[in-house]
Structure formats: C-alpha cells, structure tokens
Amino acid sequence: MGDGVCNGTHGGRKALLSDPQRFEAQFDELLTELTERDFTEPGLTDAMSRLKQVMVYNVPGGKKNRGLSVIGSLRELLPPSQLTQDGVQRALVVGWCIEMLQAFFLMTDDIMDASVTRRGQPCWYKKDGIGLDAINDSLLVEGSIYRLLRRHCRDQPYYVHLLELFNETTFQTELGQVLDLITAPPGQIDLGRFTMERYKTIVKYKTAFYSFYLPVASAMYMAGINSEEEHKNAKHILLEMGEFFQIQDDFLDCFGDPAVTGKIGTDIQDNKCSWLVVKALEVMTPEQRSVLELCYGRSDETSVTKVKELYHSLQMPALYQSYEEESYQRLQKLIALHAQSLPHSIFLNFAKKIYKRDK
C-alpha cells in the first residue's frame with residue numbers, strides 16, 4: 001500500500017489503520033492532553049473533569065466529514081514522499097480542531113433555537129443540571145482549539161495562517177448566525193423577510209465557510225499553498241458546495257427520517273428562513289400564502305402538518321430533486337473552471353459525501 005510510512009503511528013497493526021480509524025484514535029489522545037496534561041493544579045481537577053465530560057458528549061458524535069477532509073485534502077495536495085508521520089499527525093489534530101469548532105457552534109445554536117435533540121441524543125443544555133451553564137462549556141471547547149493549535153503547530157510555517165483562518169471563519173459564522181436570528185426573531189412572523197438573497201447570505205456565512213472552505217484551506221496552508229489566487233479559486237467552488245449542503249439540510253429537516261438524521265426537525269416551528277419556505281413563497285398563490293402566514297412559526301402539530309401539506313402540494317420534494325441535479329452539474333463546471341492548478345479530486349471527494357445523502 002505504501003501508506004504505512006506516513007501513518008503518524010509506529011509499526012505493526014497500527015500502521016494499517018485507515019485515516020478514519022486513525023482520526024478516531026487521535027481523539028482520546030487529545031482528550032488526555034487537554035484534560036490531564038494541560039493544567040495540573042489540584043484545585044482545577046473538577047473543572048478538567050467537566051471539560052472532559054463536555055468534550056466526550058459534544059465533539060466526536062457527528063459524521064466527522066469536516067475533520068477528515070483535512071487529512072483527505074492534504075493527501076491529494078502532497079505526494080506520499082512529502083507527507084511525514086508528523087505531518088499526518090498534525091493534520092489529524094487540525095481536523096479535530098474543526099470538529100471542536102463545529103461542536104462549539106452547535107452547542108450555542110441549540111440553546112438559541114431551543115432545540116431538543118442533536119445527533120440522536122438530548123442537546124447538552126437539555127441535560128439535567130446543565131441548562132445555561134452550557135454557554136461556558138461551549139467556550140471551553142472553543143478555547144481548547146487554540147491550545148491544541150499552539151501545542152502542535154506553533155513551530156510550523158503555516159501556524160499564523162491557521163490562527164487567522166480559524167479566527168476569521170469563526171467571525172464569519174457568527175455573522176451568519178446574527179443574520180439567521182434577526183431574519184426570524186421569536187414571536188415575529190414576517191414572511192416578507194424571507195428572500196432568496198437573504199437566505200443565500202445566511203448560508204454562505206453560517207455554514208459554507210466553516211464546513212467547506214475551512215478544512216480545505218487548512219490543508220492548503222499545511223501543504224505550503226499560500227497564494228491568495230489559489231485560495232480564492234478554492235473558496236469559489238467550496239462556498240457553492242456549502243450552499244447546496246445547507247439547502248439539503250433544510251430539506252432533510254422537513255422530509256428526512258429522524259431515525260436516520262439523528263434529530264427532529266424544527267425549522268417550521270422555529271420560523272426559520274429555510275430554502276423550502278423561501279422557494280415555496282416564490283411559487284405559491286395568495287391563498288396558499290395566507291395559510292402559510294397562519295401556520296408558519298407555530299409549534300402546534302396541526303400548524304406544522306398544514307405547512308408540510310402545503311409543501312407537498314407545491315411539489316417541493318420534486319423541486320428539490322431538480323435543484324440537486326442542477327447544483328451537481330453547476331459544481332462540475334465550477335471545478336473545471338476554477339481548479340486548474342488544484343487536484344479536482346479534493347472537490348469531487350467532498351461532492352461524493354454530500355450529494356444524495358440522507359442524513
């Protein structure tokens with residue numbers, strides 16, 4: 001296979017681990033590092049115990065596509081001869097930093113949205129004895145990112161690039177969250193705010209930067225690709241992919257199977273500016289709009305059912321299938337146009353993971 005030399009592990013059976021297996025194993029090492037080797041003052045034992053509990057519950061439970069995309073992209077960008085064990089190890093660490101950033105966003109997002117479940121279990125703030133203490137817990141997770149980056153990447157030429165990238169991406173995501181919140185404030189149903197332009201801006205900032213550009217840009221910097229032009233080209237493709245991903249997420253929130261997705265969709269009840277409501281508003285009759293205005297953003301089962309019936313009568317599932325196909329074709333063209341000096345496989349690997357997914 002020729003893969004064992006750049007494993008980040010030593011000899012024997014471990015050398016044959018796949019990247020996902022290595023990634024899983026790395027989490028326990030990082031957890032020990034953060035909670036047992038970092039601050040060792042006896043008075044902090046309870047705080048470190050809490051950090052461990054928070055990390056175990058919130059960080060490793062997702063699909064890990066973002067985190068795994070760092071090592072996946074790095075393997076496409078560097079020949080095997082240039083990818084050392086240490087290089088692989090650092091890529092796994094940076095991948096977990098992205099998973100931790102995701103956990104930080106989700107923990108706070110669930111509080112703001114009053115969500116009930118996440119990844120098939122109760123949201124962290126919903127657990128007995130946690131409540132709004134979850135805000136500080138989420139900040140502990142965010143702070144841990146920079147402890148790991150400093151410890152593992154401080155002596156690398158790309159360290160400052162990574163710090164700036166994580167900081168910028170966090171701020172961009174928070175801007176997207178602000179737009180999401182003010183477009184649909186609690187108790188104020190105003191469908192006039194739900195435009196496609198507003199929706200696309202929310203998605204770009206709230207989801208696409210951190211989910212798609214951040215992992216690939218991290219790998220590019222780690223591979224020594226610092227050119228603004230190269231990053232701009234990658235961003236062009238990845239933000240388009242991120243937009244589709246969120247539209248797909250919106251579709252699954254309403255039409256997905258909670259047993260598969262791991263969460264009960266609440267976009268209708270939460271008065272969310274989702275792709276479904278924006279698209280429905282573009283094609284519905286004034287009578288249908290009246291029904292939507294009466295029922296959207298309400299939590300009772302009858303209202304939610306009426307909105308879903310409205311979506312079915314407007315053939316939203318068929319509109320979505322058609323959009324998915326168009327999006328994939330558009331993405332292929334963007335890759336051909338903008339990825340001239342970057343391996344197309346980086347973007348195609350991402351595309352394979354997200355198109356036609358059911359969770």
Side-chain angles (χ1 to χ4, degrees), residues 62-66 68-69 72-73 76 176 180 194-216 232-263 265 267-268 272-285 288-289 292 296 307-340 342-359:
K63 295 183 286 292
K64 306 178 185 72
N65 285 340
R66 294 167 183 84
L68 279 165
S69 294
S73 300
E76 302 292 346
D180 194 22
F194 295 171
T195 65
M196 192 56 81
E197 182 188 12
R198 172 53 68 94
Y199 175 77
K200 288 189 172 196
T201 308
I202 291 171
V203 167
K204 176 180 170 182
Y205 281 88
K206 189 181 171 184
T207 301
F209 277 110
Y210 94 87
S211 298
F212 289 84
Y213 178 60
L214 175 61
V216 177
K232 189 176 161 189
N233 284 337
K235 195 181 291 181
H236 206 86
I237 299 163
L238 293 159
L239 293 184
E240 172 78 24
M241 221 181 279
E243 183 180 293
F244 169 71
F245 177 82
Q246 185 58 53
I247 289 170
Q248 189 181 46
D249 223 45
D250 292 353
F251 180 79
L252 290 173
D253 184 273
C254 182
F255 294 105
D257 177 0
V260 177
T261 62
K263 61 182 178 182
D267 283 358
I268 293 169
K272 282 287 178 190
C273 179
S274 88
W275 182 80
L276 289 169
V277 74
V278 170
K279 204 70 188 163
L281 284 164
E282 290 179 353
V283 295
M284 64 178 43
T285 64
Q288 288 170 323
R289 188 182 174 114
L292 190 66
Y296 202 72
V307 174
K308 289 188 179 182
E309 285 170 356
L310 192 57
Y311 285 164
H312 274 293
S313 69
L314 292 166
Q315 297 186 308
M316 297 309 292
L319 265 177
Y320 168 77
Q321 302 300 339
S322 164
Y323 173 84
E324 180 170 45
E325 188 54 43
E326 285 166 26
S327 173
Y328 191 73
Q329 298 305 325
R330 193 163 58 246
L331 187 66
Q332 301 285 350
K333 287 175 186 166
L334 278 176
I335 291 170
L337 189 65
H338 292 283
Q340 286 133 349
L342 290 168
H344 289 196
S345 50
I346 288 182
F347 307 105
L348 294 171
N349 287 345
F350 248 134
K352 276 182 206 159
K353 285 175 186 166
I354 63 167
Y355 284 87
K356 307 290 182 190
R357 73 186 172 105
D358 59 3
K359 63 177 182 177

Undergrad: Kindly say whether A339 contributes a backbone atom to a donor-acceptor pair with the side chain of H344 at under 3.5 angstrom?
TA: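 Looks like yes, one N/O pair under 3.5 Å.
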
Undergrad: Roughly how far, to the nearest 0.5 Å, is SG of C273 from NZ of K200?
TA: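 It is 12.5 Å, given to the nearest 0.5 Å.
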
Undergrad: Please find the pair of heavy atoms, one from T195 and one from V278, that lie closest to each other, and give the distance.
TA: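 Heavy atoms of T195 and V278 come nearest at C-CG1, 3.8 Å.
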
Undergrad: Tell me, please, which residues at least two apart from Y296 pass ring pair (Phe, Tyr, Trp, His ring centres under 6.0 Å).
TA: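 Applying ring pair (Phe, Tyr, Trp, His ring centres under 6.0 Å) to Y296 gives none.
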
Undergrad: Give the intermediate values and the outcome of side-chain contact (heavy atoms from CB on, under 4.5 Å) for residues V203 and W275.
TA: CA-CA 10 Å; V203 167; W275 182 80; over 6 Å; no

Undergrad: Where do G176 and I202 come nearest, in terms of heavy atoms and distance?
TA: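 What the structure gives for the nearest pair is O-CG2, 4.0 Å.
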
Undergrad: To the nearest 0.5 Å, what is the distance between CD (Q248) and CD1 (I354)?
TA: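 Result: 6.0 Å between the selected atoms.
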
Undergrad: Taking all non-hydrogen atoms of both residues, which atom of G242 and which atom of A208 are closest, and how far apart?
TA: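 G242 and A208 have their closest heavy atoms at CA-CB, 3.8 Å.
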
Undergrad: How are the rings of F209 and Y205 set relative to one another: parallel (under 30°), tilted (30 to 60°) or perpendicular (over 60°)?
TA: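 Geometry flag for Y205 against F209: tilted rings.
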
Undergrad: Using side chain to side chain donor-acceptor pair (under 3.5 Å) as the criterion, list what pairs up with S345, not counting sequence neighbours.
TA: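 S345: side chain to side chain donor-acceptor pair (under 3.5 Å) contacts with E76.
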
Undergrad: Just wondering, are more than 12 heavy atoms of other shown residues or ligands nearer than 6.0 Å to NZ in K353?
TA: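 Above 12, so yes.
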
Undergrad: Please assess E309 against S313 for the test side chain to side chain donor-acceptor pair (under 3.5 Å), listing each intermediate value before the final yes or no.
TA: CA-CA 6 Å; E309 285 170 356; S313 69; over 6 Å; no

Undergrad: State whether the side chain of S73 and the backbone N or O of S69 hold a donor-acceptor pair below 3.5 Å, judged by distance alone.
TA: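 Side chain of S73 to backbone of S69: a pair is present.
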
Undergrad: Rounded to the nearest 0.5 Å, what separates atom NZ in K235 from atom NZ in K204?
TA: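 Reported to 0.5 Å precision, the distance equals 8.5 Å.
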
Undergrad: Would you give the length of the straight line joining atom CG of L319 to atom NZ of K279, rounded to the nearest 0.5 angstrom?
TA: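 Nearest 0.5 Å value for the CG-NZ distance: 6.5 Å.
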
Undergrad: Test F244 against every option in F212, Y355, F350 by the ring-ring contact (aromatic ring centres under 6.0 Å, His included) rule and name the one that passes.
TA: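 Only match with F244 under ring-ring contact (aromatic ring centres under 6.0 Å, His included): Y355.
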
Undergrad: Are F347 and L342 close enough, and set up right, to give a side-chain contact (heavy atoms from CB on, under 4.5 Å), and what steps lead you there?
TA: CA-CA 9 Å; F347 307 105; L342 290 168; 4.0 Å; yes

Undergrad: Could you tell me whether the side chain of L214 reaches within less than 4.5 Å of the side chain of R66, counting heavy atoms only?
TA: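 A side-chain contact is absent here, since even the closest heavy-atom pair is not under 4.5 Å.
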
Undergrad: To the nearest 0.5 Å, what is the distance between OH (Y199) and NZ (K206)?
TA: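 If I round to the nearest 0.5 Å, the distance is 10.0 Å.
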
Undergrad: Ignoring hydrogens and angles, state whether a donor on the side chain of E197 or T201 is under 3.5 Å from an acceptor on the partner side chain.
TA: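 Not at all, the side chains of E197 and T201 share no donor-acceptor pair under 3.5 Å.
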
Undergrad: Please find the pair of heavy atoms, one from P317 and one from Y311, that lie closest to each other, and give the distance.
TA: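 That closest heavy-atom pairing would be CD-O, 4.2 Å.
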
Undergrad: Around atom CD of Q315, are there more than 12 heavy atoms from other residues, nucleotides or ligands closer than 6.0 Å?
TA: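 Atom CD in Q315 is not packed in, count stays at 12 or less.
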
Undergrad: For Y328 and E324, which I'm curious about, is there any donor-acceptor pair between the side chains at under 3.5 Å?
TA: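 The answer is no; no qualifying pair exists.
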
Undergrad: For F255, enumerate each residue passing the ring pair (Phe, Tyr, Trp, His ring centres under 6.0 Å) test, keeping only those at least two apart in sequence or located in another chain.
TA: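 By the ring pair (Phe, Tyr, Trp, His ring centres under 6.0 Å) rule, F255 matches F251, H312.
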
Undergrad: Report the distance from atom CG of L331 to atom CG of L238, rounding to the nearest 0.5 Å.
TA: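 The CG atom of L331 sits 9.0 Å away from the CG atom of L238.
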
Undergrad: Report yes if the side chains of E243 and T207 come closer than 4.5 Å at any heavy-atom pair, otherwise no.
TA: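 Of all side-chain heavy-atom pairs linking T207 with E243, none is under 4.5 Å.
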
Undergrad: Report the residue from D180, D253, D250 that forms a side-chain hydrogen bond (donor to acceptor under 3.5 Å, both in side chains) with K272.
TA: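 Answer to the side-chain hydrogen bond (donor to acceptor under 3.5 Å, both in side chains) test with K272 among D180, D253, D250: D180.
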
Undergrad: So, applying side chain to side chain contact (heavy atoms under 4.5 Å, CB included) with C254, which one of D267, L276, V307, V277 is it?
TA: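 Per the side chain to side chain contact (heavy atoms under 4.5 Å, CB included) rule, the option paired with C254 is L276, out of D267, L276, V307, V277.
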
Undergrad: Cut-off 3.5 Å, side chains only: do E325 and Q329 have a donor facing an acceptor?
TA: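 A pair is found: one side chain offers a donor N or O, the other an acceptor, under 3.5 Å apart.
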
Undergrad: For atom NZ of K64, is the number of surrounding heavy atoms from other residues, nucleotides or ligands below 6.0 Å larger than 12?
TA: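 Yes, NZ of K64 has more than 12 neighbouring heavy atoms, counting only those of other groups under 6.0 Å.
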
